[in-house]
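Below: one structure, written as structure tokens.
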2 protein chains.
Amino acid sequence: MRIGEVAALAGVSVRALRYYEEQGLLVPERSASGQRRYSHEAVDRVRFIQDLYAAGLGSKAVLQILPCMEHGGLTAEMHERLLAERARVQAQLEALTATRDKLDDVIRMGRENHAGQARRAGQAARATAS
Amino acid sequence: MRIGEVAALAGVSVRALRYYEEQGLLVPERSASGQRRYSHEAVDRVRFIQDLYAAGLGSKAVLQILPCMEHGGLTAEMHERLLAERARVQAQLEALTATRDKLDDVIRMGRENHAGQARRAGQAARATAS
DNA sequence: CTAGGACCTGACGTCGACGTCAGGGGCAAG
DNA sequence: CTTGCCCCTGACGTCGACGTCAGGTCCTAG
């Protein structure tokens, strides 16, 4: 496939794909004239890269994690990295859950104030202090 | 409290607090000589700001959400914003959970490959394609 | 053969949440 | 009074994941 098709299928920009290549995350073949030729699996790979970015991982971390997707083998270093990043993601999940609950509290209190006209305003601040 | 104390208690930099003020997120009193004087609740407020930033909200969103913490009342606009951001956070939570599970798959497959020497390498890529 | 879309390589621009440096004031202790 | 630490206001630097523009090439349809 050519770069435009991959971009469309994966839902990213052409520039992003060139950037991934710059970072060594997705290095395609080249046609005789120098155009990039991507394999079919590249699309899934791009989606996974996006997921990792969305999870707060940087190119460096992604670069250390990605090889095992097609290679299948895990270096000890890669294993470490995977566990570390999984822990990071897990921590982020917990923090995010707490924040969501705080938002829910605020929303709920907003409704109550609309309904019952609560007097003290400091309650929200106190509710957010875990 | 002075700025350094708040920074230490909230675990952020002094620069960050000045930045929050720039953004209108946390506007302290001033002493006669122009030094910032923060109320005690500022610390919790800063922590909440950090949580919101960590949840991917920008200053603009935080600015629209924060007032209700001490003010207690909800504009219709603020309510909209709260619901929207809650939805964003929730979506991010689900995406993050999926990514964590993918990471777990990769880790598990790494262990299996270490143990049993699986043949086909494409399985990882296929596992990540939801 | 030619138009026009897709592709190429640089290389500079962007945006947000600060970091950092420069240059100068405030204030409590000794 | 001066030492030393904290504070002040600009204002430029940073970093990552691209966006965007310039100037040129490729290739496919008509």
Side-chain angles (χ1 to χ4, degrees), chain A residues 1-39 42-43 45-66 85 88-89 92 95-96 99, chain B residues 1-39 42-43 45-66 85 88-89 92 95-96 99:
Chain A
M1 314 169 74
R2 295 194 302 176
I3 194 171
E5 197 175 351
V6 177
L9 289 177
V12 303
S13 71
V14 166
R15 176 67 173 96
L17 295 179
R18 297 207 186 99
Y19 176 72
Y20 295 164
E21 183 176 358
E22 243 177 84
Q23 304 303 307
L25 302 178
L26 180 62
V27 182
E29 305 288 308
R30 295 289 187 139
S31 75
S33 64
Q35 296 204 350
R36 293 170 177 83
R37 291 301 144 115
Y38 292 88
S39 70
V43 177
R45 195 181 171 94
V46 169
R47 291 198 178 120
F48 188 51
I49 292 174
Q50 286 279 308
D51 289 343
L52 293 179
Y53 277 147
L57 305 183
S59 302
K60 213 177 88 187
V62 176
L63 187 53
Q64 284 192 315
I65 285 180
L66 263 182
E85 296 301 343
R88 273 173 46 90
V89 170
Q92 199 178 341
L96 221 58
T99 300
Chain B
M1 312 171 76
R2 295 193 303 176
I3 195 171
E5 197 176 352
V6 177
L9 288 177
V12 304
S13 70
V14 166
R15 177 67 175 96
L17 295 180
R18 297 207 187 100
Y19 176 71
Y20 297 164
E21 184 177 358
E22 242 178 85
Q23 302 304 305
L25 302 179
L26 182 62
V27 183
E29 304 289 308
R30 294 291 186 137
S31 76
S33 64
Q35 297 204 350
R36 293 170 178 84
R37 291 300 144 115
Y38 291 88
S39 69
V43 177
R45 195 182 172 95
V46 169
R47 289 198 179 121
F48 188 51
I49 292 175
Q50 286 279 306
D51 288 343
L52 292 180
Y53 277 146
L57 305 181
S59 301
K60 214 177 88 187
V62 176
L63 186 53
Q64 283 192 316
I65 286 181
L66 263 183
E85 297 300 344
R88 274 174 45 88
V89 170
Q92 200 179 340
L96 221 59
T99 300

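Computed from a predicted structure; not experimentally measured. Naming: A, B, ... by sequence-line order, numbering from 1 per chain.
Proximity of B/Gln50 to the phosphate of C/dC18: a side-chain N or O atom is located under 4.0 Å from OP1 or OP2. When the side-chain nitrogen and oxygen atoms of A/Arg15 are compared with OP1 and OP2 of C/dG10, none of them lie within a distance under 4.0 Å. When the side-chain nitrogen and oxygen atoms of B/Arg18 are compared with OP1 and OP2 of C/dC18, none of them lie within a distance under 4.0 Å. For A/Ser31, no side-chain nitrogen or oxygen approaches OP1 or OP2 of D/dC26 to under 4.0 Å. OP1 or OP2 of C/dG19 lies within a sub-4.0 Å distance of a side-chain N or O belonging to B/Ser13. Phosphate contact (OP1/OP2 of D/dC18, side-chain N/O of A/Tyr20, threshold under 4.0 Å): present. Considering only side-chain N and O atoms, B/Ser33 lies nowhere under 4.0 angstrom from the phosphate OP1 or OP2 of C/dG25. Contact annotation: B/Tyr19 side-chain N/O to C/dA17 OP1/OP2 distance is under 4.0 Å.
Nucleic acid contact for B/Leu25: none, since no nucleic acid atom lies under 4.0 Å from a heavy atom of the residue. Residue contacts shown for B/Leu17 are absent, as no nucleic acid heavy atom lies under 4.0 Å away.
When each of A/Arg30 and B/Arg2 is assigned the nucleotide of DNA chain C with its nearest heavy atom, A/Arg30 is the one assigned upstream, toward the 5' end.
A/Glu85 is not listed as a side-chain neighbour of A/Gln64, based on a closest heavy-atom distance of 4.5 Å or more.
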